[in-house]
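Start at 1 with the first residue, then count along the sequence. No experiment lies behind these values; they were computed from the predicted model shown.
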Amino acid sequence: MNAPSHHSPSTARILTHHMVANVLIQSVWFGISSIMAILARKRFNANDWQTLMITAAPPTLLTVSIFWNALLHRTSIKRYLVINWACTMLPLTAAAFAQSFWHLLACFICAAIGAAGWSPVAGDLLRRFYGDHLRGRAYASINSAMFVGMMVASYAFGRALDVNEDAFRWYFPIATVASGLGVILLQRLDHITGAHEGRSKVVVADRIALRHFVRPLLQLREILRTDRTFYRYEAAFMTYGVGWMICNALLPILATDRLKLSYTAFAGATQVIYPLCMLVMTYPMGWVMDRIGAARTSGLSFAWLSLYPLVLMLTHNVTTVGVATVFYGTAMAGVHLGWMLGPVTLAPSPDRVAQYVAIHTSLVGLRGILAQGVGMLIYRITDSFTWPFAIAILAFLWASLQMWHLRGAIPFASELHKAARPPTDSIPDIPESP
């Protein structure tokens, strides 16, 4: 961690502040976005394809993360956090006044574009706040706090909607204020740790040019072409993402059409059980990650995750949805750590972390564009959940095999201080010049 500006806060203090900030920023967003498709379907009478638009918006629009990363390199972290909060939460506040599905969708799409900007700065701060030997456990602790917040936020939102389907009209503005408080806390943490002093000199653009939008795409192509380990890691996550996106797209349809779940029942069987399982498993998986590495952890988690669509395929009541969610949550504890810490580890230098995380995040959007629509199309053609869920099972197992073949190419956290990753020297330093 870089030398602070004034004094050195303890790691425990940094971690505590980081956990609270993350809860306020991320828990409220996930608590809302996870139930938004059910809200659209029940309150605004969304059909299957309209429901898919709502469900697909957050993962698909992660594609723009690479452009957020370009902004991160052109401004201070404090300013970036404010811009990102405004682009995410203010459209959500506007959604509180929605009178139709299309109004709700437009606001939610704008909010999802803003949410795509969180990963680059989150990865950047994670690398700067914590050393290699602590990062897995620190990230696990931060996520554990976030999962508690998700449980509370999701259940509270679902319960409020069951009491009054217009409860979102006051819930969204409150969430916006809570997220703003998290941003202020994170800005303060960035200042007292001096993390901002370790960043490259900020380049201030005097005008917006087309090249500013083209450059991130060129950088993405060049890094994936040059860093073959990162390319293979992303290929495995792309395969896993096909399965995840299919399940994500069809779950709201399954919950409403087949099971007729209420808001509270849906939240309880999915968005309460899921973060609870993540909470229980995340710290142990952080310990595992620090010892066996991102590739092995992700590969084992992908294999376990194949049980999730298998149970969904057989689901006929809320109890079996809960059982499926148990498999999902326990597996995703490892996947979630590999999702962030893989790119953080593979980045050749601290200054490149945000760029690697942004590329990784943007590729999530690419698979979202492809896989969710295919999953819905197969469901509509066959009028059955069996075939799309079967494809999801195969995708998870194939991804596990891909990641397992990669296990020797990525160093463990305990090995990072002994030797640099061999491909690092061949990765060109792509400047962020104006």
Can you check whether [Y]'s main-chain N or O pairs, donor with acceptor, with [X]'s side chain at less than 3.5 Å?
{"X": "S306", "Y": "A303", "value": "yes"}
{"X": "S400", "Y": "G299", "value": "yes"}
{"X": "R159", "Y": "T264", "value": "no"}

Worksheet item: Just how far is it from atom CD1 of I38 to atom CG of L261, taken to the nearest 0.5 Å?
Response: 7.5 Å
Inter- and intrachain pairs under salt bridge (charged side-chain N to carboxylate O under 4.0 Å, His left out), touching [range], at least two apart:
{"range": "residues 83-100", "answer": "none"}
{"range": "residues 329-339", "answer": "none"}
{"range": "residues 36-54", "answer": "R41-D48, R41-D257, R43-D166, D48-R380"}

Discussion item. Can you confirm if the aromatic rings of Y240 and F237 lie within a centre distance of less than 6.0 Å?
Written reply: yes
Worksheet item: Does a side-chain heavy-atom distance below 4.5 Å link T55 with L251?
Response: no
Discussion item. Just so I know, are the side chains of N22 and M19 near enough to count as touching, which here means a heavy-atom distance under 4.5 Å?
Written reply: no
Side chains of residues 85-95: which donor-acceptor partners sit under 3.5 Å, not counting sequence neighbours?
unit_1 : atom_1 : unit_2 : atom_2 : d
W85    : NE1    : T176   : O      : 3.1
T88    : OG1    : N84    : O      : 2.8
T88    : OG1    : G114   : O      : 3.2
T88    : OG1    : A115   : N      : 3.1
T93    : OG1    : M89    : O      : 3.2
T93    : OG1    : T176   : OG1    : 2.6

Worksheet entry | Heavy atoms from other residues, nucleotides or ligands near CZ of R79 exceed 12 (cutoff 6.0 Å) | no
Those residues that, when tested against [X], pass side-chain contact (heavy atoms from CB on, under 4.5 Å) (two or more places apart):
{"X": "S119", "result": "W339, V357, T361"}
{"X": "L71", "result": "W68, T75, Y80, I83"}
{"X": "I174", "result": "W170"}

Worksheet item: For T270 and T325, which heavy atoms make the closest approach, and how far apart are they?
Response: O-CG2, 3.5 Å
Worksheet, complete the sentence: Looking only at heavy atoms, the pair that brings P59 and N248 closest together is CG-ND2, 4.1 Å
Worksheet entry | With W304 via ring-ring contact (aromatic ring centres under 6.0 Å, His included) - residues at least two apart | F327
Practice prompt. Applying ring-ring contact (aromatic ring centres under 6.0 Å, His included), name anything that partners Y155, two or more places apart in sequence or on another chain.
Written response: none
Can you list, pair by pair, the side-chain donor-acceptor contacts under 3.5 Å of residues 317-324, counting residues two or more places apart and other chains?
unit_1 : atom_1 : unit_2 : atom_2 : d
N317   : OD1    : T319   : N      : 3.1
N317   : OD1    : T320   : N      : 2.9
N317   : OD1    : T320   : OG1    : 3.2
T320   : OG1    : H316   : N      : 3.4
T320   : OG1    : N317   : N      : 3.4
T320   : OG1    : N317   : O      : 2.9

Item to complete: Not counting sequence neighbours, list each pair that qualifies as a ring-ring contact (aromatic ring centres under 6.0 Å, His included) and has a residue in residues 16-40.
Response: H18-F129, H18-Y130, W29-F108
Item to complete: Not counting sequence neighbours, list each pair that qualifies as a ring-ring contact (aromatic ring centres under 6.0 Å, His included) and has a residue in residues 261-282.
Response: Y274-Y328
Item to complete: Begin with the C-alpha distance, continue with both residues' side-chain angles, and end with the deciding distance and a verdict on ring-ring contact (aromatic ring centres under 6.0 Å, His included) for F396 and F302.
Response: CA-CA 5 Å; F396 289 142; F302 291 161; 7.5 Å; no
Practice prompt. Start with the C-alpha distance between L104 and M36, add both sets of side-chain angles, then the distance that settles side-chain contact (heavy atoms from CB on, under 4.5 Å), and finish with yes or no.
Written response: CA-CA 9 Å; L104 183 74; M36 188 66 81; 4.1 Å; yes
